[in-house]
2 protein chains.
Amino acid sequence: MTQVKENSTRNYNKGISINNCPVTYVMNKIGGHWKPIIIHQLMSGPKRYSELRKAIPEITEKMLIQHLKQLQTDDLVNREARPVVPPVVTYSLSPLGTDLTPVLNAMVEWAFRAQQC
Amino acid sequence: MTQVKENSTRNYNKGISINNCPVTYVMNKIGGHWKPIIIHQLMSGPKRYSELRKAIPEITEKMLIQHLKQLQTDDLVNREARPVVPPVVTYSLSPLGTDLTPVLNAMVEWAFRAQQC
DNA sequence: CAGAATCCTATACGATACTG
DNA sequence: CAGTATCGTATAGGATTCTG
């Protein structure tokens with residue numbers, strides 16, 4: 001089983017800097033290369049696993065599953081698996097995840113301004 | 001010299017996923033554990049190197065310098081060194097860096113809501 | 001004061017192959 | 001379809017020491 005941890009941004013000095021800073025808190029939740037992209041995709045509505053793969057072609061299955069799990073653990077994403085064959089699994093943003101919309105939007109706006117220059 | 005690269009978030013598949021996504025673009029600029037914190041500190045006004053170290057006690061000098069350099073390269077932060085002895089170096093947000101304020105603020109707001117639950 | 005240099009560890013991510 | 005498992009690499013970050 002190996003119990004993959006891989007909890008986003010690293011944090012070696014365990015005792016010291018555990019989230020006194022709200023910005024760090026956020027980066028721990030949506031930091032990394034893929035999580036914001038996944039959330040951004042889900043912002044346009046619930047998607048099945050295969051739809052996410054198509055929407056983000058560059059991501060590997062490992063990364064997608066891994067970050068989806070992490071996002072579930074952090075209560076940003078809900079997973080609904082319907083017990084049929086073949087399986088149908090749908091991912092959607094939780095209320096908390098939906099609340100990230102302003103953050104992502106602010107990022108997108110800034111990116112456009114920055115790329116102008 | 002070794003030419004340290006250390007350009008934020010990794011990107012192995014060089015040819016493929018180079019910034020088609022605005023969110024990725026932003027994460028490349030302010031991703032990682034320290035950059036948002038540094039920017040957040042500078043949002044309250046210009047600060048000297050030593051002030052930054054005091055404001056962010058957990059950061060090592062290497063990380064602080066490294067990310068300050070990166071932020072300069074990305075035109076988010078300005079560095080002003082006055083040629084006196086002992087040296088006086090002041091860091092401040094560039095206009096582009098200042099434009100990140102809504103992003104950071106949105107993060108902080110979300111963090112507070114998230115930590116309530 | 002404001003850094004540079006060196007060495008090291010943890011982990012994020014990629015590639016590929018396999019499964020209920 | 002929706003995952004798991006395993007191996008390998010790149011890089012973020014830490015600790016310590018030294019300097020103009």
Side-chain angles (χ1 to χ4, degrees), chain A residues 1-17 24 27-28 30-38 46-72 77 79-91, chain B residues 1-17 24 27-28 30-38 46-72 77 79-91:
Chain A
M1 266 300 181
T2 329
Q3 257 304 73
V4 194
K5 243 193 85 188
E6 314 207 48
N7 200 328
S8 336
T9 328
R10 53 197 69 57
N11 196 12
Y12 306 159
N13 48 349
K14 319 251 176 170
I16 309 177
S17 70
T24 299
M27 296 309 287
N28 280 333
I30 66 168
H33 223 87
W34 298 115
K35 282 202 243 155
I37 300 180
I38 296 172
K47 282 196 173 49
R48 293 182 57 179
Y49 177 79
S50 51
E51 292 181 296
L52 282 173
R53 291 224 12 131
K54 269 177 223 159
I56 315 171
E58 319 89 24
I59 200 172
T60 60
E61 310 209 331
K62 176 181 167 182
M63 287 297 108
L64 182 50
I65 288 292
Q66 181 178 301
H67 287 117
L68 280 171
K69 275 186 184 170
Q70 182 75 54
L71 290 168
Q72 290 167 62
V77 161
R79 189 192 112 120
E80 187 204 7
R82 309 191 39 189
V84 295
V85 181
V88 174
V89 180
T90 308
Y91 292 92
Chain B
M1 267 296 181
T2 329
Q3 257 304 77
V4 195
K5 244 193 81 186
E6 316 208 41
N7 200 326
S8 337
T9 329
R10 54 197 69 56
N11 197 11
Y12 306 159
N13 50 347
K14 318 249 174 172
I16 311 177
S17 70
T24 299
M27 295 309 288
N28 280 334
I30 65 167
H33 224 89
W34 297 116
K35 282 201 243 157
I37 300 180
I38 296 172
K47 283 196 169 51
R48 293 182 57 178
Y49 178 79
S50 50
E51 293 180 295
L52 282 173
R53 291 224 8 132
K54 268 177 226 159
I56 316 173
E58 318 88 24
I59 201 171
T60 59
E61 310 209 330
K62 174 182 169 183
M63 287 297 105
L64 183 50
I65 288 292
Q66 180 178 301
H67 288 116
L68 280 171
K69 276 186 183 168
Q70 183 74 53
L71 290 168
Q72 291 167 62
V77 160
R79 190 191 110 119
E80 188 205 4
R82 308 189 43 185
V84 295
V85 180
V88 173
V89 180
T90 309
Y91 293 93

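Side-chain atoms are counted along with the backbone in the values below, which use heavy atoms only and exclude waters and symmetry mates. Naming: A, B, ... by sequence-line order, numbering from 1 per chain.
Rounded to an integer number of Å, the gap from CE of A:Met27 to C1' of C:dT11 is 16 Å. Spacing between atom NZ of A:Lys47 and atom C1' of D:dC1 amounts to 18 Å, rounded to whole angstrom units. Rounded to an integer number of Å, the gap from CD of A:Glu58 to P of C:dA15 is 11 Å. Note: CD1 (A:Ile59) to P (D:dG3) measures 13 Å, nearest angstrom. Note: CD (B:Gln70) to C1' (D:dG13) measures 14 Å, nearest angstrom. Going from atom CZ of B:Arg53 over to atom C1' of C:dA4 covers 14 Å, rounded to whole Å. As a whole-Å value, the separation of A:Tyr49 OH from C:dT19 P is 17 Å. Between B:Ile65 atom CD1 and D:dA15 atom P there is a gap of 17 Å when expressed in whole angstrom units.
OP1 or OP2 of C:dC13 sits under 4.0 Å from a side-chain N or O of A:His67. Distances shown here put a side-chain N or O of B:Ser50 below 4.0 Å from the OP1 or OP2 atom of C:dA2. Regarding contacts with the backbone of C:dA2, a side-chain N or O of B:Arg48 is found under 4.0 angstrom from either OP1 or OP2. Phosphate proximity of C:dA2 to B:Arg82: absent, as no side-chain N or O sits under 4.0 Å from OP1 or OP2. Side-chain N/O atoms of B:Tyr91 include one lying less than 4.0 angstrom from OP1 or OP2 on C:dG3. At the phosphate of D:dT4, OP1 or OP2 sits under 4.0 Å from a side-chain N or O atom of A:Lys69.
Place A:Glu61 and A:Pro87 on DNA chain C by their nearest nucleotides, and A:Glu61 ends up nearer the 5' end.
B:Val88 places none of its side-chain heavy atoms less than 4.5 Å from the side chain of B:Glu80. Residues B:Arg53 and B:Glu61 meet the side-chain proximity criterion, which asks for heavy atoms closer than 4.5 Å. Residues A:Lys35 and A:Leu71 are in side-chain contact: their nearest non-hydrogen atoms beyond the backbone lie under 4.5 Å apart. In this structure, the side chains of A:Trp34 and A:Ile56 come closer than 4.5 Å at one or more pairs of heavy atoms.
A:Val88 comes within 4.0 angstrom of sugar-phosphate atoms only, judged by non-hydrogen atoms across all strands, and of no base.
Residue B:Trp34 has its side chain nearest to D:dG14 when only D:dG14, C:dC13, C:dA2 are considered. Checking D:dG13, D:dA2, C:dG14 against the side-chain heavy atoms of B:Met63 singles out D:dG13 as nearest.
To the nearest 0.5 Å, the span separating CD1 on B:Ile37 from CD on B:Glu58 amounts to 7.0 Å.
Side-chain atoms of B:Lys62 stay outside donor-acceptor range of the base of C:dG3, with no qualifying N/O pair under 3.5 Å.
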